[in-house]
Amino acid sequence: MRTATLGPAQRAESLAAMAERELDVLVVGAGVVGAGTALDAVTRGLSTGLVEARDWASGTSSRSSKLIHGGLRYLEMLDFALVREALKERGLLLERLAPHLVKPVPFLYPLQHKGWERLYAGSGVALYDAMSMARGHGRGLPTHRHLTRGHALRVAPALKKDALVGALQYYDAQMDDARFVATLVRTAVGYGAKAANRARVTSFLREGERVVGARVQDAEGGGEYEIRARQVVNATGVWTDDTQAMVGERGQFHVRASKGIHLVVPRDRISSSSGLILRTEKSVLFVIPWGRHWIIGTTDTDWDLDKAHPAASSADIDYLLEHVNSVLRVPLTRDDVEGVYAGLRPLLAGESDATSKLSREHTVAHPVPGLVVVAGGKYTTYRVMAKDAVDEAVRGLDQRVADCVTEDVPLLGAEGYRALWNARARIAARTGLHVVRVEHLLNRFGAMAEEVLDLVAADPTLGEPLQAADDYLRAEIVYAASHEGARHLDDVLTRRTRISIETFDRGTRSAREAAELMAPVLGWDKDQIDREVRHYEKRVEAERESQRQPDDLTADAARLGAPDIVPL
């Protein structure tokens, strides 16, 4: 497989190529499911296109809890099939498909009742481990262990003594969700798919009843393309119903949006060597290690307002702080919150109105000839969803097509990652970077870290960290624009890096430096740099204002105060 470069030239070439000749499969939506569908289709030998209205993973797939997990709480709901499927996928990602991106993470579950709770919860966690190992993909993680209260408090000194009588510790996995999707897209392109972000489907092409492609508006260059395809896959997540409306079909199911918000706080605010999982009256609350930070989440509330920019209200933030503070010796305050982000889960409507009870199963349908719809599901099982969507599309191709092979297709950067990790001290000596910087690059890019290091070799100033976000090297900003499809400042500060939620200034102090690094790659002049910076600052201020509002309606109105499109 050749290394895929998603720079400006590649994007223009991809749009032109997609419009030039009929594709076998056109995928609409480049979240994790759409990107996974494109990879599945192209690795079966199908000519494949992928278009995304905004940026890769700009919706739900960049705003999750960043966990790859079996869904321990689904065991309590007796949804064994979903847990078994997710545990298999977790193992594949950890061991074979993306060991550079998916990492083990420990969680402590405080017990609050003597006797019965340890037996009840312990049985569930034991079953969780057993189901994982039974599929042959769980041996990469330690098994759970029972802790006394004293041992648990040594692991997590931040907990109040009266908040637990003991604890269980078990392991799941985590990843940077937006980076994972960008890597999926690059992997698909490496195998021959054509992909373009900022390319919005405005209508579907029809021949009688049949969908035969899509009309696509280039949000960057302003052109319009007619892309013809034998099968179109609608993988637009919470926008599924809106996309279906373009063919006059609501489809065989309805997708509802459930809002989940997360807080990001500095690592030193909670003294613990393990993540935490806490019960709430509605669901569970995670405190997740995230580099030099913690991610605290999540909420689960119905959302029927703006889907592109779901807003976190003051009430949402208070809810999370109240629940996490119920177990912490030193409570968190608003001043401890570095970042806040809100995302929408695409849930299949069920019989209950409570969003926490809507289905996390996925569904694939063929509502009209030529159009496949995939919706629902959870991040961890994206590969299974993609396989099912392509299987359905293949039924409409009327030809023999190979079976799914993505179980054996490592993502870009996986091959050679472990060897480079073992050689990280030697790489540090060769490049002059500290070994911690090399580890950071390897865990974000895998073997592709060598490409980032090539930029540093050509221009040593790119080996310096950003002045106001020193976790990231200047080279990473250039690489995001030249290789990963970043088109705007927001793409880099929010998704290619996590500066927007990992700094108290929300990335505003890094905005100009980052824009000036992107400018030569994207052909920006000084005026465009200024526009990008102003746009980003307005976005941050709108988000801050929304988080001061008391409820969803006022928060949504405040968030919409910032323009959505960067002017050219």
Side-chain angles (χ1 to χ4, degrees), residues 1 4 6 24-46 48-52 55-62 64 66-69 85-86 88-94 96-98 100-102 173 175-197 231-240 345-346 360-364 372-394 401-414 484-485 495:
M1 183 187 74
L6 302 182
D24 291 324
V25 176
L26 173 64
V27 183
V28 181
V32 71
V33 175
T37 299
L39 177 59
D40 188 292
V42 76
T43 52
R44 297 194 199 198
L46 300 171
T48 304
L50 174 67
V51 292
E52 162 59 44
D55 184 28
W56 321 129
S58 55
T60 302
S61 294
S62 62
S64 72
K66 319 213 183 311
L67 293 176
I68 294 290
H69 63 134
E85 180 179 80
K88 176 189 173 182
E89 295 304 309
R90 184 190 71 177
L92 282 170
L93 289 164
L94 275 166
R96 183 188 306 166
L97 303 184
H100 56 313
L101 300 176
V102 180
M175 47 70 224
D176 183 326
D177 47 11
R179 171 146 301 283
F180 189 94
V181 174
T183 305
L184 265 179
V185 174
R186 289 188 69 194
T187 307
V189 171
Y191 281 104
K194 304 298 180 185
N197 53 358
Q231 292 286 312
V232 177
V233 178
N234 173 6
T236 52
V238 293
W239 287 272
T240 297
R345 304 175 191 87
R360 296 308 303 270
E361 300 282 359
H362 69 272
T363 294
V364 175
V372 172
V373 185
V374 56
K378 57 202 291 279
Y379 199 111
T380 304
T381 56
Y382 80 90
R383 196 191 63 81
V384 178
M385 297 175 67
K387 173 187 177 298
D388 290 349
V390 177
D391 283 346
E392 186 64 33
V394 164
V401 176
D403 291 336
C404 172
V405 297
T406 53
E407 191 170 317
D408 297 305
V409 177
L411 301 194
L412 193 68
E484 297 181 328
R495 286 173 291 278

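No experiment lies behind these values; they were computed from the predicted model shown.
- Between K378 and the options H362, H69, E89, a side chain to side chain contact (heavy atoms under 4.5 Å, CB included) holds for only H69.
- Note that OG1 of T37 is 11.5 Å distant from CG of L26, once rounded to the nearest 0.5 Å.
- The list of salt bridge (Lys or Arg N to Asp or Glu O under 4.0 Å) pairs with a residue in residues 31-43, not counting sequence neighbours, reads D40-R44.
- Taking E484 as the reference, R179 meet the salt bridge (charged side-chain N to carboxylate O under 4.0 Å, His left out) condition, with sequence neighbours excluded.
- Counted by atom type alone, R495 and S62 present zero donor-acceptor pairs between their side chains at under 3.5 Å.
- Remark: D408 engages R96 in a salt bridge (charged side-chain N to carboxylate O under 4.0 Å, His left out) (not counting sequence neighbours).
- Two residues are said to be in side-chain contact when any heavy atoms from C-beta on lie closer than 4.5 Å; L184 and V32 meet this criterion.
- For N197, the side-chain hydrogen bond (donor to acceptor under 3.5 Å, both in side chains) partners two or more places apart in sequence, or in a different chain, are D55.
- Legend: residues meeting salt bridge (charged side-chain N to carboxylate O under 4.0 Å, His left out) with D176, ordered by chain and number and at least two apart, are R498.
- A 4.5 Å side-chain heavy-atom check between Y382 and V181 finds every atom pair outside the cut-off.
- Applying the side chain to side chain contact (heavy atoms under 4.5 Å, CB included) test to A30 and every residue at least two apart in sequence or in another chain returns L50, E52, W56.
- The shortest distance between side-chain heavy atoms of D388 and V374 does not fall below 4.5 Å.
- Proximity of a side-chain donor or acceptor of T236 to a complementary backbone N or O of N234 within less than 3.5 Å is not detected.
- Contact check for T240 versus P346: no side-chain heavy atoms found under the 4.5 Å cut-off.
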Kindly indicate, with the supporting measurements, whether the criterion salt bridge (Lys or Arg N to Asp or Glu O under 4.0 Å) is fulfilled by K88 and E407. CA-CA 10 Å; K88 176 189 173 182; E407 191 170 317; 3.2 Å; yes
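- Checking side-chain atoms of R186 against main-chain N and O of A4 turns up a donor-acceptor pair under 3.5 Å.
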